[in-house]
Amino acid sequence: MPITKVLAVAPVRDLDAAITWYTSLLGRGPDARPMDSLADWHVNEGAWVQVFHDPGRAGHTALNFAVEDLAAERTVLAGRGIGLGEEVVTDKGARLASVDDPSGNTVTLVENPSV
(Lines give C-alpha, C1' and ligand atoms only; values in the text may rest on other atoms or scores of the structure.)
Protein backbone atom coordinates (compact mmCIF):
# COMPACT_ATOMS: atom_id res chain seq x y z
CA MET A 1 0.00 0.00 0.00
CA PRO A 2 1.88 3.12 -1.14
CA ILE A 3 0.73 6.07 0.98
CA THR A 4 1.09 9.46 -0.66
CA LYS A 5 -0.14 11.72 2.17
CA VAL A 6 -1.09 11.53 5.82
CA LEU A 7 -4.12 13.61 6.80
CA ALA A 8 -4.40 14.30 10.52
CA VAL A 9 -8.01 15.08 11.39
CA ALA A 10 -9.15 16.91 14.52
CA PRO A 11 -12.92 16.72 15.08
CA VAL A 12 -14.18 19.98 16.59
CA ARG A 13 -17.32 21.36 18.23
CA ASP A 14 -17.16 24.85 16.69
CA LEU A 15 -15.60 25.01 13.24
CA ASP A 16 -15.21 28.79 13.14
CA ALA A 17 -13.42 28.82 16.51
CA ALA A 18 -11.20 25.95 15.36
CA ILE A 19 -10.27 27.71 12.12
CA THR A 20 -9.33 30.83 14.08
CA TRP A 21 -7.24 28.83 16.56
CA TYR A 22 -5.46 26.63 13.98
CA THR A 23 -4.79 29.73 11.88
CA SER A 24 -2.95 31.16 14.92
CA LEU A 25 -1.20 27.86 15.58
CA LEU A 26 -0.02 27.34 12.01
CA GLY A 27 0.58 31.00 11.18
CA ARG A 28 -1.78 31.16 8.21
CA GLY A 29 -5.31 30.43 7.16
CA PRO A 30 -6.49 27.14 5.71
CA ASP A 31 -5.31 26.12 2.26
CA ALA A 32 -8.68 24.66 1.34
CA ARG A 33 -12.30 24.42 2.43
CA PRO A 34 -13.40 21.37 0.42
CA MET A 35 -16.76 21.31 2.18
CA ASP A 36 -18.63 23.54 4.64
CA SER A 37 -17.73 21.31 7.60
CA LEU A 38 -13.99 20.97 6.84
CA ALA A 39 -10.87 23.15 6.63
CA ASP A 40 -7.41 21.90 5.84
CA TRP A 41 -3.84 23.12 5.96
CA HIS A 42 -1.24 21.56 3.68
CA VAL A 43 1.68 21.69 6.10
CA ASN A 44 4.04 20.02 3.68
CA GLU A 45 3.84 17.89 0.56
CA GLY A 46 2.94 14.71 2.41
CA ALA A 47 1.03 15.94 5.45
CA TRP A 48 -2.21 17.85 5.91
CA VAL A 49 -3.99 18.97 9.06
CA GLN A 50 -7.75 19.02 8.89
CA VAL A 51 -10.38 20.31 11.29
CA PHE A 52 -13.79 18.76 10.83
CA HIS A 53 -17.06 19.74 12.49
CA ASP A 54 -17.98 16.62 14.44
CA PRO A 55 -19.13 17.57 17.97
CA GLY A 56 -19.67 13.95 19.02
CA ARG A 57 -16.00 13.07 18.51
CA ALA A 58 -14.46 16.42 19.41
CA GLY A 59 -11.87 16.58 22.14
CA HIS A 60 -10.53 13.04 21.79
CA THR A 61 -7.73 13.55 19.26
CA ALA A 62 -3.98 13.96 19.68
CA LEU A 63 -1.89 15.62 16.97
CA ASN A 64 1.90 15.48 17.23
CA PHE A 65 3.99 17.90 15.18
CA ALA A 66 7.74 17.42 14.86
CA VAL A 67 9.57 20.77 15.06
CA GLU A 68 13.23 21.72 14.82
CA ASP A 69 13.34 24.12 17.79
CA LEU A 70 10.73 23.80 20.52
CA ALA A 71 11.88 26.92 22.38
CA ALA A 72 11.60 29.04 19.23
CA GLU A 73 8.15 27.68 18.46
CA ARG A 74 7.04 28.37 22.06
CA THR A 75 8.06 32.02 21.59
CA VAL A 76 6.29 32.34 18.24
CA LEU A 77 3.10 30.76 19.58
CA ALA A 78 3.12 32.93 22.69
CA GLY A 79 3.17 35.94 20.38
CA ARG A 80 0.04 34.57 18.74
CA GLY A 81 -1.72 34.03 22.06
CA ILE A 82 -1.13 30.28 22.33
CA GLY A 83 0.65 29.05 25.43
CA LEU A 84 2.32 25.67 25.37
CA GLY A 85 2.28 23.67 28.58
CA GLU A 86 5.22 22.44 30.59
CA GLU A 87 8.15 21.01 28.64
CA VAL A 88 8.82 17.31 29.09
CA VAL A 89 12.13 15.67 28.20
CA THR A 90 12.03 11.96 27.43
CA ASP A 91 14.63 9.45 28.58
CA LYS A 92 16.14 9.62 25.09
CA GLY A 93 16.28 13.41 24.94
CA ALA A 94 13.23 14.31 22.88
CA ARG A 95 11.55 17.48 24.14
CA LEU A 96 7.84 18.10 23.94
CA ALA A 97 5.12 20.49 25.06
CA SER A 98 1.37 20.42 24.49
CA VAL A 99 -1.66 22.68 24.24
CA ASP A 100 -5.35 21.90 23.79
CA ASP A 101 -7.39 23.42 20.99
CA PRO A 102 -10.78 25.00 21.83
CA SER A 103 -12.49 21.59 21.51
CA GLY A 104 -10.02 19.82 23.81
CA ASN A 105 -7.93 18.05 21.17
CA THR A 106 -4.28 17.93 22.22
CA VAL A 107 -1.57 19.32 19.96
CA THR A 108 1.97 18.37 20.98
CA LEU A 109 5.12 19.86 19.51
CA VAL A 110 8.04 17.45 19.60
CA GLU A 111 11.69 18.39 19.12
CA ASN A 112 14.01 15.56 18.17
CA PRO A 113 11.31 12.89 17.92
CA SER A 114 13.54 10.27 16.33
CA VAL A 115 15.71 9.67 19.40
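Sequence positions, counted from 1, serve as the residue numbers for this chain. No hydrogens, no waters, no symmetry mates; every other heavy atom, side chains included, goes into these values.
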(message) If you apply the rule side-chain contact (heavy atoms from CB on, under 4.5 Å), what do you find for Trp21 with Val99, and how did you get there?
(response) CA-CA 11 Å; Trp21 192 85; Val99 62; 3.9 Å; yes

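- Of the residues listed (Val67, Leu109, Thr90, Asn64), the one engaging Leu96 in a side chain to side chain contact (heavy atoms under 4.5 Å, CB included) is Thr90, and it is the only one.
- Phe65 and Val88 are assigned to two separate hydrophobic clusters, defined by single-linkage of ILVMFWY side chains at heavy-atom distances under 4.5 Å.
- Side chains of Asn44 and His42: no donor on one and acceptor on the other come within 3.5 Å.
- Two residues are said to be in side-chain contact when any heavy atoms from C-beta on lie closer than 4.5 Å; Leu15 and Phe52 fail this criterion.
- Other residues, nucleotides and ligands place no more than 12 heavy atoms under 6.0 Å from the CZ atom of Arg57.
- Heavy-atom neighbours of Asp36 CG from other residues, nucleotides or ligands within 6.0 Å: at or below the threshold of 12.
- Looking at residues two or more places apart in sequence or on another chain, you find a side chain to side chain contact (heavy atoms under 4.5 Å, CB included) between Leu7 and Lys5, Trp48, Gln50.
- Within the structure, side chain to side chain donor-acceptor pair (under 3.5 Å) contacts touching residues 93-104 (residues at least two apart or in different chains) are Tyr22-Asp101, Glu87-Arg95, Arg95-Glu111, Ser98-Thr108, Asp100-Thr106, Asp101-Asn105.
- Taking all atoms of both residues into account, the shortest heavy-atom contact from Pro30 to Thr23 is CD-OG1, 3.9 Å.
- For the pair Val9 and Pro11, the tightest heavy-atom approach, listed with the atom from each and the gap, is O-CD, 3.6 Å.
- Closest of all the heavy-atom pairs between Pro113 and Val110 is CB-CG1, 3.6 Å.
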Show me the donor-acceptor pairs within less than 3.5 Å that the side chains of residues 74-85 make with the rest of the protein, sequence neighbours left out.
| unit_1 | atom_1 | unit_2 | atom_2 | d |
| --- | --- | --- | --- | --- |
| Arg74 | NH1 | Leu84 | O | 3.1 |
| Arg74 | NH1 | Gly85 | O | 3.2 |
| Arg74 | NH2 | Gly85 | O | 3.0 |
| Thr75 | OG1 | Ala71 | O | 3.2 |
| Arg80 | NH1 | Ser24 | O | 3.0 |
| Arg80 | NH1 | Leu25 | O | 3.1 |

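- When all heavy atoms of Pro34 and Leu38 are compared, the pair lying nearest together is CG-CD2, 3.3 Å.
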(request) Show the numbers, then the answer: is there a side-chain contact (heavy atoms from CB on, under 4.5 Å) between Arg33 and Ile19? (result) CA-CA 10 Å; Arg33 293 289 312 272; Ile19 290 171; 3.5 Å; yes

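- Looking at every heavy atom in both residues, Leu26 comes nearest to Trp41 through CD1-CG, 3.5 Å.
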